[in-house]
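Contents: one structure, followed by commentary.
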Amino acid sequence: MQIGVHDSIAFSFDPERIAAFLESHGHQCTVLEAGDSVAGEGYDCVVTFGHEDALLDAPWVHCIRAGVDAFPFDRYAETETALTHSPGIHATTIGETVLGMVLSFARRLHRYRDRQHANNWEIEPYDATFTVQDETVCVVGLGTLGEGVALRADALGMTVRGVRREPKPVPGVDELFRPDELHDAVAGARFVVLCVPLTEDTEAMIDADVFAAMDEDAYLINVARGGVVAEDALLDALDGDEIAGAGLDAHAEEPLPADSPLWGYDDVIITPHVGALSNTYHESVGKLVVANAERRENGESLSDRVV
Ligand code: NAD
């Protein structure tokens with residue numbers, strides 16, 4: 001197949017890497033720059049990180065992300081361009097990112113790393129340090145990300161609560177709550193981890209009332225999308241010591257603006273939406289594209305299709 005590789009992918013990895021992977025599976029690849037025309041070039045598929053209108057001229061666009069909330073679904077439907085995404089490949093990376101943040105907050109590693117730059121031997125207050133064993137984590141959304149977090153938290157001896165719409169048991173999860181029980185689910189949890197897609201239902205679902213329901217020594221961890229959290233309410237909760245801190249991989253505006261107050265908190269860990277990255281991401285996505293290319297060649301319907 002003839003596959004275009006859009007250079008917006010460079011946010012995650014060098015586009016040449018996935019081009020080489022796809023070529024090693026028998027496909028012909030061209031790296032496209034933003035603004036390059038796709039019309040009439042014979043592409044069967046364009047693999048991309050982000051959307052631009054030129055992509056609508058391809059019969060099939062594959063997004064290398066799980067979340068496709070930034071794509072104009074109606075335009076894809078209008079132009080009959082198939083849009084597929086990359087779910088099911090982020091359990092390990094995000095699971096490890098979240099547990100990294102959890103352990104850093106508990107063992108205070110982020111504070112020591114901060115002080116290291118000032119040659120500062122200062123020790124954290126005795127009561128600030130804790131172990132995560134026997135602490136409770138509440139995972140909101142139990143798809144790929146949520147399950148990856150739940151299994152790893154369970155392995156560390158944490159009590160795992162989950163918020164999900166269907167009351168179906170999930171490995172590693174001790175107690176399930178429905179979305180309308182969110183306040184009960186977060187109360188008493190030391191960590192609240194957001195793993196839901198950004199939808200009409202989840203937009204700003206973490207608001208002032210949720211922060212009020214959380215314990216004062218609790219941490220919010222957002223690896224989902226910035227829009228799931230009402231950012232003003234988060235700032236108020238941090239300023240008012242309603243929560244202890246936050247680990248934020250996803251932000252309302254990305255890159256997080258240089259003048260955002262969020263940069264300044266001792267107990268906020270900011271990462272630039274990289275929680276799912278690893279040195280094998282291009283292969284994980286490449287395998288999804290190869291499998292779907294085979295389906296397309298066989299006249300079968302595409303997997304992981306959102307439009
Ligand atoms: P997924 O589809 O496997 O799981 C999402 C889960 O959330 C599903 O089980 C769904 O039923 C549930 N859900 C939806 N609305 C809900 C609600 N109101 N309350 C409770 N549960 C609800 O998706 P995933 O791969 O786990 O990814 C989830 C989201 O995380 C993506 O949509 C994306 O926005 C984000 N994400 C971020 C990164 C990153 O780099 N930080 C990486 C991958 C995904």
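Everything numeric here is computed off the predicted structure, so don't read it as measured data. Values below: every heavy atom of this structure, side chains too, minus hydrogens, waters and symmetry copies. Note that ligands are numbered from 1 as they come in the structure, with each ligand's atoms numbered from 1 the same way.
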Where ligand 1 meets [X] - atom numbers and elements under 4.0 angstrom, heavy-atom basis:
X	answer
Leu142	9 (O)
Arg225	33 (C), 34 (O), 35 (C), 36 (N), 37 (C)
Gly141	7 (O), 21 (N)
Ala224	30 (O), 34 (O), 35 (C), 37 (C)

Would [X] count as a contact residue for ligand 1, given that I'm defining contact as a non-hydrogen atom of the residue lying under 4.0 Å from a ligand atom?
X	value
Val223	yes
Cys195	yes
Asp249	yes

Among all protein non-hydrogen atoms, which one is nearest to [atom], and what is the separation to 0.1 Å?
atom	answer
atom 39 (C) of ligand 1	His273 NE2, 3.4 Å
atom 23 (O) of ligand 1	Thr144 N, 4.5 Å
atom 6 (C) of ligand 1	Gly143 N, 3.6 Å
atom 26 (O) of ligand 1	Leu145 N, 2.8 Å
atom 42 (C) of ligand 1	Ala276 CB, 3.8 Å
atom 16 (C) of ligand 1	Val196 CG1, 3.8 Å
atom 19 (N) of ligand 1	Pro179 CG, 3.5 Å
atom 43 (C) of ligand 1	His90 ND1, 3.5 Å

- Is there at least one protein heavy-atom neighbour under 4.0 Å from atom 3 (O) of ligand 1? yes

Can any side-chain N or O of [X] pair as donor or acceptor with the backbone N or O of [Y] at less than 3.5 Å?
X	Y	answer
Thr97	Thr93	yes
Asp217	Ile243	no
Arg305	Val307	yes
Tyr281	Ile64	yes

- Query: Charged N to carboxylate O under 4.0 angstrom, Arg108 versus Asp114?
  - Reply: no

- Query: Looking at Glu166 and Arg164, does any basic side-chain N land under 4.0 Å from a carboxylate oxygen?
  - Reply: yes

- Do Arg190's NZ or CZ and the ring of Tyr219 fall within the cation-pi criteria of under 6.0 Å and 45°? no

- Message: Both conditions, 6.0 Å and 45 degrees, for the charged tip of Arg115 above the ring of Tyr112: are they met here?
- Response: yes

- What pairs meet the side chain to side chain donor-acceptor pair (under 3.5 Å) rule with one or both residues in residues 223-234, with sequence neighbours excluded? Asp69-Arg225, Arg225-His273

- Between Arg295 and Asn292, does any side-chain donor sit less than 3.5 Å from a side-chain acceptor? yes

- Item | Donor-acceptor pair between Ser86 and His62 side chains, under 3.5 angstrom | yes

- Of the choices Glu147, Lys168, Arg165, Glu203, which has the non-hydrogen atom that lies closest to atom 15 (N) of ligand 1? Arg165

